[in-house]
Amino acid sequence: MKIAVTYEKETGNVFQHFGKTQYFKIFQIEGGKIISSEIIDNGGNGHHALPPYLKSLGVETLILGNRGQGAIDAIAAAGLKEMPGITGSADKAAELFAKGELKANFEARCNHHGENHHHE
C-alpha cells in the first residue's frame, strides 16, 4: 500500500495546510511496516489538482493536517482515503498508520478562506 503525507521539509513534520503543500513524503507499507519512502514535490499542482495527482502515483491514503471543504471534496472525488488532523513527525505518523494506530481528527478544517487571499 502506498500512502502520502503532506510534508514540511524544514522540520520533517506533517504540513498543516493541504492546498499549499509543496512536498509529500510517500511511504510504501507492507505487512504493517514501512519498506520505503521518498520525498516528492507537488508536481506543480495546487488545491483541487493535488488528489488526482497523488492517485495517479498509486497513493491510496493521504495523511494531512487541516483542509477546507474544497479539499475534502477533491480528496473524496479522487477516491483517496484521508487521515486528517495529524500533527508532528511525518515519519511517526506513517509508522502509526502502518501499525493501524493512527487516529484521524475529521473535525480538522481550514476555516480561514478569504484571509490573505488576494485576487487581481
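Here the closest non-hydrogen pair linking Leu50 and Asn45 is CD2-O, 3.5 Å. Across all their heavy atoms, Tyr53 and Ser56 have their closest contact at O-OG, 2.6 Å. The minimum heavy-atom distance linking Thr21 with Asn42 is given by the pair O-ND2, 3.1 Å. The two residues Pro51 and Ala74 come nearest to each other via the heavy atoms CB-O, 3.5 Å. The minimum heavy-atom distance between Ala108 and Gly65, with the atom names listed, is CB-O, 3.9 Å.
Although no hydrogens or angles enter the test, the distance criterion places a donor-acceptor pair under 3.5 Å between the side chain of Gln16 and the main chain of Val14.
Grouping the Ile, Leu, Val, Met, Phe, Trp and Tyr side chains by contacts below 4.5 angstrom, directly or via other members, places Met83 with Ile29. At a threshold of 4.5 Å between side-chain heavy atoms, the hydrophobic network of Ile, Leu, Val, Met, Phe, Trp and Tyr places Leu57 and Ile3 in two separate groups. Hydrophobic cluster membership is shared by Ile40 and Ile75, with clusters built from Ile, Leu, Val, Met, Phe, Trp and Tyr side chains linked at under 4.5 angstrom. The same ILVMFWY cluster, assembled from side-chain heavy atoms under 4.5 Å apart, contains both Leu62 and Ile26. Transitive grouping of hydrophobic side chains (ILVMFWY, heavy atoms separated by less than 4.5 Å) brings Ile63 and Ile34 into a common cluster.
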(message) Please evaluate residues Val59 and Phe24 with respect to the criterion side-chain contact (heavy atoms from CB on, under 4.5 Å), reporting the C-alpha separation (whole Å), side-chain torsions for both, the decisive distance (0.1 Å), and the verdict.
(response) CA-CA 11 Å; Val59 170; Phe24 293 93; over 6 Å; no
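From Ser36, atom OG reaches atom NZ of Lys2 across 8.0 Å, with rounding to the nearest 0.5 Å. Atom OG1 of residue Thr6 and atom CG of residue Leu54 lie 10.0 Å apart, to the nearest 0.5 angstrom. Going from atom CD of Gln28 over to atom CD1 of Ile35 covers 5.0 Å, rounded to the nearest 0.5 Å. Taking OG1 of Thr61 as the reference point, atom CZ of Phe27 lies at 13.0 Å (rounded to 0.5 Å).
Tested against Ile86, the residues Leu64, Val5, Leu102 include a single side-chain contact (heavy atoms from CB on, under 4.5 Å) partner, Leu102.
For residues 70-89, every residue pair satisfying the side-chain hydrogen bond (donor to acceptor under 3.5 Å, both in side chains) rule, not counting sequence neighbours, is listed here: Arg67-Glu82, Gln69-Asp73.
Residues Gln22 and Phe15 have side chains not in contact (no heavy-atom distance under 4.5 Å, counting atoms from C-beta outward).
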Output a table of donor-acceptor pairs, distance under 3.5 Å, between side-chain atoms of residues 90-97 and any protein atom two or more places apart or on a different chain; print 'none' if there are none.
unit_1	atom_1	unit_2	atom_2	d
Asp91	OD1	Lys25	NZ	2.8
Asp91	OD2	Lys25	NZ	3.4

